[in-house]
Chemist: 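The structure's right below; bear with me while I get my questions together.
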Amino acid sequence: HNPDNEYLFGMKEEDIEHTARGIKDNGFIGAINVYKMESGQYEIYSGHIRRYAAEKAGMKKIPCLIEPMPDKETTKRRQLLGANLYGRNRVTNSDPILVARQLEYHKNTLEMEGFKGDMREQLALEFGISGSQVYKYLSLLGLTQDLQDMVSAGIISYSSIYSSKAFSTEKQSEIANKIKSVHSEQDEPLTR
């Protein structure tokens with residue numbers, strides 16, 4: 001499998017379980033996308049969850065669309081994002097930290113390709129979000145792991161905490177501790 005896939009899109013056990021139930025009830029629909037490598041093995045670039053779910057459902061073989069390994073790393077990166085992101089409307093219903101990783105990954109891809117335009121606007125266009133959302137999402141990657149975990153868990157919204165990236169690690173740790181203490185007293189996401 002492509003190691004970037006889980007980092008960019010996550011691999012929640014409940015998604016695998018849900019998909020496995022669907023496969024048991026309705027069979028495996030469609031195919032996963034793989035590259036044929038020089039070693040004769042295959043690398044999945046779209047279908048990781050379906051692959052694990054099929055195994056869980058007891059399948060030994062699953063249908064694959066086999067493509068040659070792209071000759072350029074940027075092509076491979078674009079296909080990974082395209083196959084896993086664009087058809088699923090993930091930005092609106094995904095973990096904000098995963099969205100931030102996807103934006104940064106694509107930003108790096110554009111830089112590798114020598115992109116010279118307005119990066120924020122290009123990312124906004126390709127992800128179907130505003131330029132200010134691109135900035136807020138990318139800012140999340142400047143947060144401490146504690147704060148990122150709170151955003152992922154839904155304890156605090158990304159739009160309420162992204163600007164904390166301007167603070168030192170120590171100050172961010174203080175903020176995280178305050179959020180934890182307030183959150184333990186109320187069982188709902190914190191707002192700005």
Side-chain angles (χ1 to χ4, degrees), residues 1-16 18-19 30 32-33 44-50 67 70 72-169 171-172 175-176 179 182-183 188-192:
H1 74 273
N2 185 315
D4 292 337
N5 192 287
E6 188 170 349
Y7 174 76
L8 293 170
F9 301 105
M11 191 74 62
K12 292 182 183 169
E13 190 58 39
E14 64 258 26
D15 292 343
I16 294 170
H18 175 76
T19 305
I32 65 171
N33 300 80
I44 299 170
Y45 73 88
S46 177
H48 292 80
I49 288 176
R50 289 176 289 156
E67 297 180 36
K72 293 191 327 198
E73 179 64 21
T74 53
T75 303
K76 188 176 173 185
R77 291 170 69 97
R78 280 186 169 275
Q79 288 180 337
L80 173 67
L81 268 182
N84 288 285
L85 176 68
Y86 300 127
R88 302 184 191 190
N89 199 21
R90 278 190 180 266
V91 172
T92 57
N93 62 10
S94 188
D95 173 343
I97 299 300
L98 294 179
V99 173
R101 290 174 181 172
Q102 294 160 15
L103 283 162
E104 182 178 57
Y105 187 84
H106 192 52
K107 176 178 173 267
N108 293 340
T109 302
L110 289 169
E111 288 167 351
M112 290 165 73
E113 293 173 342
F115 180 76
K116 299 285 187 238
D118 183 324
M119 184 65 75
R120 190 185 300 178
E121 285 308 308
Q122 184 65 27
L123 291 169
L125 177 70
E126 292 194 41
F127 278 71
I129 58 178
S130 70
S132 66
Q133 284 177 295
V134 168
Y135 175 77
K136 289 175 184 176
Y137 279 119
L138 288 174
S139 294
L140 296 175
L141 299 177
L143 298 176
T144 60
Q145 192 60 53
D146 243 7
L147 289 175
Q148 286 187 32
D149 291 345
M150 288 181 198
V151 171
S152 287
I155 293 170
I156 189 157
S157 74
Y158 82 95
S159 60
S160 298
I161 198 69
Y162 77 92
S163 59
S164 296
K165 78 165 177 103
F167 295 122
S168 68
T169 303
K171 193 61 142 172
Q172 287 188 45
I175 293 168
I179 291 170
V182 171
H183 181 68
E188 57 189 54
L190 302 177
T191 62
R192 197 176 308 199

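Sequential numbering from 1 along the given sequence is applied to the chain's residues. All heavy atoms count here, side chains included; hydrogens, waters and symmetry mates do not.
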Chemist: Check salt bridge (Lys or Arg N to Asp or Glu O under 4.0 Å) between Asp146 and all other residues, then give those that pass, not counting sequence neighbours.
Modeler: Lys180

Chemist: How long is the straight-line distance from NE2 of His48 back to CD1 of Ile32, given to the nearest 0.5 Å?
Modeler: 8.0 Å

Chemist: With sequence neighbours excluded, what pairs up with Tyr158 under the ring pair (Phe, Tyr, Trp, His ring centres under 6.0 Å) test?
Modeler: Tyr137

Chemist: For the residue pair Ser139 and Lys165, what are the closest heavy atoms and their distance?
Modeler: OG-CE, 3.3 Å

Chemist: Return the minimal non-hydrogen interatomic distance between Ser152 and Ile97, and the atom names on each side.
Modeler: OG-CG1, 3.3 Å

Chemist: Give a yes or no on this: more than 12 heavy atoms of other residues, nucleotides or ligands lie within 6.0 Å of atom OH of Tyr135.
Modeler: no

Chemist: Restricting to non-hydrogen atoms, name the atom on Gly131 and the atom on Ala124 that form the minimum distance, rounded to 0.1 Å.
Modeler: N-CB, 3.7 Å

Chemist: Salt-bridged, Arg77 to Glu113, with N to O below 4.0 Å?
Modeler: no

Chemist: Contact between Glu67 and Tyr45 at the side-chain level, heavy atoms closer than 4.5 Å - yes or no?
Modeler: yes

Chemist: Within the 4.5 Å heavy-atom criterion, are Ile44 and Asn33 side-chain neighbours or not?
Modeler: no

Chemist: Which residues pass the side chain to side chain donor-acceptor pair (under 3.5 Å) test with Ser164, not counting sequence neighbours?
Modeler: none

Chemist: Report the distance from atom NZ of Lys136 to atom OG of Ser163, rounding to the nearest 0.5 Å.
Modeler: 9.5 Å

Chemist: In the structure I gave you, are the side-chain heavy atoms of Asn108 and Glu104 within less than 4.5 Å of one another anywhere?
Modeler: yes

Chemist: Enumerate the residue pairs fulfilling salt bridge (charged side-chain N to carboxylate O under 4.0 Å, His left out) with a member in residues 147-162, sequence neighbours excluded, ordered by first and then second residue.
Modeler: none

Chemist: If you round to the nearest 0.5 Å, how far is CG of Leu123 from CD of Gln102?
Modeler: 11.5 Å

Chemist: Take Lys76 and Gln79, measure what side chain to side chain contact (heavy atoms under 4.5 Å, CB included) needs, and give me the verdict at the end.
Modeler: CA-CA 5 Å; Lys76 188 176 173 185; Gln79 288 180 337; 5.6 Å; no

Chemist: Can you tell me how far the CD atom of Glu13 sits from the CD1 atom of Ile49, to the nearest 0.5 Å?
Modeler: 10.0 Å

Chemist: What's the spacing between Ile156 CD1 and Leu147 CG if we round to 0.5 Å?
Modeler: 8.0 Å

Chemist: Does Glu14 have any salt bridge (Lys or Arg N to Asp or Glu O under 4.0 Å) partners at least two apart in sequence or in another chain, and if so, which?
Modeler: none

Chemist: Can Arg78 and Thr74 be said to form a side chain to side chain contact (heavy atoms under 4.5 Å, CB included), step by step?
Modeler: CA-CA 6 Å; Arg78 280 186 169 275; Thr74 53; 5.6 Å; no

Chemist: My understanding is that only residues two or more places apart in sequence, or in another chain, count here; which of them pass salt bridge (Lys or Arg N to Asp or Glu O under 4.0 Å) with Glu111?
Modeler: Lys107

Chemist: Would Met150 and Ile161 count as a side chain to side chain contact (heavy atoms under 4.5 Å, CB included) here? Give the steps.
Modeler: CA-CA 10 Å; Met150 288 181 198; Ile161 198 69; over 6 Å; no

Chemist: Taking it one step at a time, do Lys72 and Met112 satisfy side chain to side chain contact (heavy atoms under 4.5 Å, CB included)?
Modeler: CA-CA 11 Å; Lys72 293 191 327 198; Met112 290 165 73; over 6 Å; no

Chemist: Less than 4.5 Å apart, side chain to side chain, heavy atoms only: is that true for Ile175 and Thr144?
Modeler: no

Chemist: Please name the pair of heavy atoms, one in Tyr162 and one in Leu143, separated by the smallest distance, quoted to 0.1 Å.
Modeler: O-CD2, 4.2 Å

